[in-house]
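A short worksheet on the structure shown next.
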Amino acid sequence: MYGNLVVRPEDIENWGKKVEQEDPEKLAEFEARIQRGEKIEPWDWMPFEYRRQLIRMIEQHAHSEIIGALPEGTWITRAPNFRRKLALMAKVQDEVGHAQLLYSAAETLGKTREQMINDLLSGKSKYSNIFNYPAKTWADTAIIAWLVDAGAIINQTTNSRGSYGPYVRALERICWEESFHLKYGYDSVVYLATGTPQQRAMLQDALNRWWRPIMHFFGPPDTQSVHTEKLVRWKVKLATNDEMRQQFLDMYVPKIWELGLTIPDPNLRKNPETGKWEYSDPDWDEFWRVINGDGPCNKERLAVRRFAEEKGRWVREALRSPQAQYVTPLA
Amino acid sequence: MASLDPRIQRAEPELWQIPDTALAPLDHWTTYEVFLQKTRGSHAQHVGSLHAPDPEMALVLAKEQYTRRSPCVSLWVVPTACILKTTTEEEGMFHPAVDKTYREPQGYLNTRERLEKYRHRIPPSS
């Protein structure tokens, strides 16, 4: 367990293997454990593909939390009053805290925190696409805190039924904190929606700009997604992108309409026969363009992140003990 | 596009010229496990882990990370490297293979029954 290991020694025989190359007996035992509803812990045997997919997923989630704090953090200095400022600071602190919890969960699988941050800064690892859009007005922070966090809660509650112990524990804590974000966001939205005509117009404008990124939030439609049968069996993926998107629309479209706001999609409606929401194509080309680096804020987000790492380096070095050795977090 | 954040505008990011150096191992220090006692009289429980340069900083960061919303009465941190734990393979030894009812309260459920039988066989003395 000591030294700067990417992978612990016991994992190396496992490294790079395809599922078909895994020890069939161990694989069967692993799958039976998940089937019984038991969790997998970091010290258990697991197929390489499970480890790889979980690292990818939890790491992306961690990056999303830390980058996600940036668009909202922009508005701390310009919050409309002191209580809102305190609440926004608390929310942003929570998001950064979530990143810490998630980085630790991913580390238990064998990738160090430094490697994850390096991959974020080099653009190798992704984060949630929605945070590549700017928060232009105060109303944007209200829409983010309500609807983007609502999406995140659906996503995270779904994932918290997963099979990997450290991720599940982190998510339970995160969901508990997100419930404050959602209430705070809804309160901010209702405040603007019931305010002056200018406040209502500002809110409608924010909704207009955020609706498309929100529709992108759960990822490309199932028809464009790769086959994930194995990940479903391993309880890494618990619902499809479209299922989560439908759940979001079901829960939040009526609430948005209740405020008298207009959702900028004339084709949005619930089909009474299928019980499913129908909507215009939210331009998946834009989604891919932005995720691949060409969004309005991609450069700024990574520049700010790099600035923080670089300018904080001397502090971290000054504090570091020469005897320090890296150890994978326990659980 | 230019930043909409006045703080970033003031910092003139185009002049930052941040070198593109990767973080070295241990740049973010080493790991600690955090234990938290919620109320007096309860056991301290493991709540997660964190990165810190030394135990004192670990405690400061643990307070920030694990107690900022819900109160507790005491907080512990332990370097992860100091923890010795059992393995998955050893899990089996905690499941008794033989009948161990002799060491459990459930192993002594018919005591009363025996006494009752005895009492009813012998008439009470007059």
Side-chain angles (χ1 to χ4, degrees), chain A residues 1-4 41 43-45 70-71 73-75 77-78 90 93-94 97 100-101 103-105 107-108 112-115 117-118 121-122 134-136 166 169-170 173 176-177 180 296-297 299-300 303-304 306-307 309-311 313 316-321 324-331, chain B residues 1-14 16-35 46-58 61-62 64-70 78-91:
Chain A
M1 273 179 80
Y2 299 104
N4 307 317
E41 294 294 347
W43 44 85
D44 291 336
W45 182 92
L70 299 177
T74 293
W75 281 91
T77 52
R78 294 170 288 169
Q93 186 190 26
D94 283 350
Q100 305 291 325
L101 294 173
Y103 280 131
S104 285
E107 278 177 273
T108 62
T112 68
R113 187 167 300 204
E114 290 84 0
Q115 287 174 310
I117 294 171
N118 286 339
L121 296 180
S122 74
K136 286 187 174 166
R169 290 190 286 270
R173 187 179 183 92
W176 176 63
E177 293 186 349
F180 144 69
C297 298
K299 281 203 184 73
E300 176 182 330
V304 169
R306 190 174 287 126
F307 179 86
E309 290 297 334
E310 198 55 42
K311 297 292 173 186
R313 188 191 294 269
R316 298 195 302 273
E317 266 172 23
L319 287 169
R320 190 163 68 221
S321 149
Q325 45 185 201
Y326 180 73
V327 183
T328 311
L330 192 61
Chain B
M1 68 186 273
S3 179
L4 295 169
D5 187 335
R7 296 170 308 168
I8 292 173
Q9 287 165 16
R10 284 196 295 275
E12 300 180 307
E14 58 282 6
W16 288 349
Q17 293 182 332
I18 304 292
D20 203 3
T21 42
L23 303 188
L26 285 168
D27 188 309
H28 281 240
W29 312 312
T30 187
T31 59
Y32 287 79
E33 302 300 316
V34 183
F35 298 81
H46 181 254
V47 286
S49 57
L50 51 76
H51 283 233
D54 57 53
E56 288 73 25
M57 272 301 287
L61 295 171
E64 212 50 53
Q65 175 71 302
Y66 292 100
T67 73
R68 67 175 179 271
R69 193 158 276 124
S70 55
V78 180
T80 307
C82 290
I83 293 178
L84 186 65
K85 68 168 290 300
T86 55
T87 64
T88 308
E89 289 68 36
E90 288 162 340
E91 207 177 299

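Remember, it's a predicted structure, so these values are computed and weren't measured experimentally. The sequence lines fix the lettering, A, B, ..., with proteins before strands; numbering per chain opens at 1.
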Contacting moiety of [X], where chain B heavy atoms sit under 4.5 Å:
X        : result
A:Lys136 : both
A:Trp176 : side chain
A:Arg306 : both
A:Tyr103 : neither
A:Ile117 : side chain

Legend entry - Under 4.5 Å from any heavy atom of chain A - which part of B:Ile83: side chain
Inset, instruction - Could you tell me which portion of B:Ala24 (side chain, backbone, both or neither) has an atom closer than 4.5 angstrom to a non-hydrogen atom of chain A? - result: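 Backbone only.
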Are any non-hydrogen side-chain atoms of [X] and [Y] less than 4.5 angstrom apart?
X        : Y        : answer
A:Leu101 : B:Tyr66  : yes
A:Val304 : B:Ile8   : yes
B:Pro53  : A:Arg320 : no
A:Leu319 : B:Trp29  : yes

Inset, instruction - Report the option among B:Thr31, B:Leu23, B:Thr88 that has the most heavy-atom pairs separated by less than 4.5 Å from atoms of chain A. - result: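 Top option by heavy-atom pairs under 4.5 Å: B:Leu23.
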Legend entry - Top of B:Glu33, B:Glu91, B:Glu89, B:Glu64 for chain A proximity - count of heavy-atom pairs under 4.5 angstrom: B:Glu33
Legend entry - B:Ser3 OG to A:Leu70 CG distance, which is reported to the nearest 0.5 Å: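 Interatomic distance, B:Ser3 OG to A:Leu70 CG, rounded to 0.5 Å: 10.0 Å.
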Legend entry - Qualifying residues under salt bridge (Lys or Arg N to Asp or Glu O under 4.0 Å), relative to A:Asp94, sequence neighbours excluded: B:Arg68, B:Arg69
Inset, instruction - Return yes if a side-chain donor-acceptor contact under 3.5 Å exists between B:Asp54 and A:Ser321, otherwise no. - result: no
Legend entry - Side-chain donor-acceptor pair present, B:His51, A:Gln100, cut-off under 3.5 Å: no
Quick check: closest heavy atoms across [X] and [Y], and the distance to 0.1 Å?
X        : Y       : value
A:Ala324 : B:Leu26 : O-CD1, 3.5 Å
A:Glu300 : B:Asp5  : OE2-CB, 4.5 Å
A:Arg313 : B:Asp27 : NH1-OD2, 3.4 Å

Legend entry - Residues in side chain to side chain contact (heavy atoms under 4.5 Å, CB included) contact with B:Pro6, at least two apart in sequence or another chain: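 Partners of B:Pro6 by the side chain to side chain contact (heavy atoms under 4.5 Å, CB included) criterion, ordered by chain and then number, come out as A:Arg78, B:Arg10.
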Legend entry - Winner by heavy-atom pair count (cut-off under 4.5 Å) against chain B, out of A:Lys311, A:Glu309, A:Glu41: A:Glu309
Legend entry - Check: B:Thr30 side chain, A:Gln325 main-chain N or O, donor-acceptor pair, under 3.5 Å: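 Pair found, side chain donor or acceptor close to backbone of A:Gln325.
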